[in-house]
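Counting begins at 1 with the first residue of the sequence.
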Amino acid sequence: MVTIDPERFRETFERYSEIGRTDADGLHRLALSEEDREVRDLFVSDLEDLGLEVRIDRIGNVFGRAEGTDPDAEPVLIGSHLDSQPYGGRFDGQLGVLSALETLRAFDDEGVEHRRPIEIVNWTNEEGSRFKPALMGSGAFTGELDLEEVLEHADADGVTVAEALDRIGYRGDDPVGPREEYHSSLELHVEQGPKLEDEGLSVGVVEGVFGMAWLEVVVHGDADHAGPSPMYSRKDALVAASDVVGAVRRLSNRFADDVVTTVGELEVAPGSINVIPSEVRFTVDVRSYDDAVVGDLVEAVEREVETACEREGVEYDLEEIWRIPHTEFSPTVAETALAAADAVGASHRAMVSGAGHDASYVNEMTDTAMLFVPSVDGKTHNEAEFTEWADAEEGARVYVETVKRLANAK
């Protein structure tokens, strides 16, 4: 067994958590922000301290490579992401990167030889909160997203991805895409749900990820005075949008047991207390492990928007801005992780994920699986996100053992 250094692992986690830490002990480190630049600089420094070959590609993905004993062997890819949600938690993404970093440090401590090279990665803009779509760095790397298109995507202030990369000095020179075939990939992440905690388990071996679609809707009404304007003549964009918000929530009961639906963004204009709203923009997120159900949900949302807007006499624009099919991870990598969990003595179970991850795209390129550690109360994407440190350490132990087995596989 390779032994992690628990004290170093936690100290590293706390040090990284200071970059973008909020007053409520969360994390506000949006993709390609100054805080993201600072944490990337720290990550690169830590990779260089291990003597790794560091490279940065044109979308800002950061890689570090530890060579193996067989120069012709296909590498193992490990890591996750360091960007966060707005006022999100410290564990989402970051714990996966630092578990991978601790793995390489533990190998270095004990002089562990591995046949295959190991590459650690920090993917750019996994969250998709500042720039859409999510999973941008891994999507471009695997060819699932067009690089030139995503470089031109802009945030709410009109700053493009390319401009933001230039501002923080992380538009690298390396071509975006694999330089060679990979043997396998493994990502550790917090569960972002309650199942592991409810069952008293420390580790989940993830065998698949839900499919999902994102929609953006803009409802166009007419602004008018809130006092003199009679109710019968109004074209209130917010009334129509509100009807859709309620309908989206109720859709989760109509299609399949695993369906989840969310309206996560809503902007009202002109935003005055005594003016009838003239325009509302909102987003819809629909998910299921069944891709056909995701398609049905998208059509159902479109019908609800059309009906609500007809009822209120307003116009609308609707765009599907992202869709990703469900992912079935590699049985080989998942079985390796299950065997590693048994060897370490960690309490564990196999499961699927309702959240999207970079591993979903990476799975299109090479055999991939994930490890989950519990999220207290199932909370995530907010400052209260928390994982008990004993579970984080247990996940890291399983991660190290799994990576060792993958890196020495024939």
Side-chain angles (χ1 to χ4, degrees), residues 6 9-31 33 35-36 38-40 42-43 79-102 122-130 134-135 187-206 209-210 212 260 262-265 283 285 287 346 348-349 351-360 370-396 398-399:
F9 183 35
R10 186 159 194 173
E11 187 278 331
T12 301
F13 181 84
E14 295 298 335
R15 182 157 47 97
Y16 275 66
S17 295
E18 287 301 316
I19 303 173
R21 185 189 289 269
T22 67
D23 292 340
D25 205 27
L27 197 65
H28 185 75
R29 197 161 67 205
L30 302 185
S33 62
E35 292 81 7
D36 192 20
E38 187 177 348
V39 79
R40 285 163 173 264
L42 177 58
F43 181 59
S80 190
H81 64 96
L82 289 169
D83 65 311
S84 83
Q85 286 285 331
Y87 298 95
R90 297 184 297 143
F91 294 82
D92 178 356
Q94 177 169 269
L95 186 64
V97 173
L98 299 184
S99 296
L101 178 62
E102 178 59 29
N122 167 44
W123 298 112
T124 292
N125 187 35
E126 190 270 357
E127 296 291 359
S129 52
R130 180 183 179 192
L135 314 183
E187 179 177 0
L188 181 143
H189 208 277
V190 291
E191 180 192 351
Q192 304 179 294
K195 293 180 181 178
L196 291 175
E197 184 184 44
D198 287 350
E199 297 177 26
L201 303 175
S202 293
V203 175
V205 176
V206 186
V209 177
F210 277 25
M212 62 195 75
V260 287
T262 306
V263 173
E265 296 179 12
T283 58
D285 177 312
R287 305 185 186 211
H348 64 278
R349 60 164 288 185
M351 61 192 304
V352 297
S353 171
H357 300 283
D358 290 308
S360 300
M370 297 184 69
L371 297 180
F372 276 173
V373 291
S375 296
V376 173
D377 294 329
K379 289 188 178 297
T380 187
H381 283 191
N382 66 53
E383 293 166 295
E385 175 185 284
F386 187 71
T387 293
E388 296 288 352
W389 196 250
D391 290 326
E393 289 182 5
E394 193 80 324
V398 176
Y399 193 82

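Crowding of D198 atom CG: a count of heavy atoms from other residues, nucleotides or ligands under 6.0 Å exceeding 12.
The pair R349-E199 counts as a salt bridge, with a side-chain nitrogen and a carboxylate oxygen less than 4.0 angstrom apart. In summary, E191 and K195 do not engage in a salt bridge, as defined by a charged side-chain N under 4.0 Å from a carboxylate O.
Here L82 contributes atom CG and I19 contributes atom CD1; the two are 9.0 Å apart, rounded to the nearest 0.5 Å. Between S375 atom OG and E197 atom CD the span is 8.5 Å, to the nearest 0.5 Å. Atom-to-atom distance recorded for L27:CG and Y87:OH is 11.5 Å, nearest 0.5 angstrom. For the atom pair OG (S84) and CD (E126), the distance works out to 10.5 Å, reported to the nearest 0.5 Å. Here E102 contributes atom CD and F13 contributes atom CZ; the two are 13.5 Å apart, rounded to the nearest 0.5 Å. Here the straight-line distance linking atom CG of L196 with atom OG1 of T387 works out to 9.5 Å at 0.5 Å rounding.
Between the side chain of E385 and the backbone N or O of H381 there is at least one donor-acceptor pair closer than 3.5 Å. At least one donor-acceptor pair under 3.5 Å links the side chain of S33 to the backbone N or O of L30. Judged by distance alone, with hydrogens and angles left aside, the side-chain atoms of D377 form no donor-acceptor pair with the main-chain N or O of K379 at under 3.5 Å. In terms of modelled atom types and a separation under 3.5 Å, the side chain of T283 and the main chain of E265 share a donor-acceptor contact. At distances below 3.5 Å, not a single donor-acceptor pair connects side-chain atoms of N122 with backbone N or O atoms of F43.
Closest heavy-atom contact between E187 and A359: OE1-N, 3.1 Å. Here the closest non-hydrogen pair linking V209 and A355 is CG1-O, 3.1 Å. Minimum interatomic distance between H81 and D358 (heavy atoms only, all atoms of both residues): CB-OD2, 4.0 Å. Shown here for F9 and A396, the closest heavy-atom pair between the two residues is CE2-CB, 3.6 Å. The shortest non-hydrogen separation linking S129 to N125 is N-OD1, 4.3 Å.
Two residues are said to be in side-chain contact when any heavy atoms from C-beta on lie closer than 4.5 Å; Y16 and L95 fail this criterion. Residues R10 and W389 have side chains in contact (heavy-atom distance under 4.5 Å, counting atoms from C-beta outward).
Looking only at atom types and distance, the side chain of S17 has a donor-acceptor partner in the side chain of Q94 under 3.5 Å away. T380 and Q192 are linked by a side-chain donor-acceptor pair at a separation below 3.5 angstrom, with hydrogens and angles left out of the test. Side-chain N/O atoms of R29 and T22 include no donor and acceptor closer than 3.5 Å.
Checking L371, V206, D92 one by one against H189, the side chain to side chain contact (heavy atoms under 4.5 Å, CB included) holds for a single residue, D92. For the ring pair (Phe, Tyr, Trp, His ring centres under 6.0 Å) criterion with H357, the lone passing option out of F372, F210, W123 is F372.
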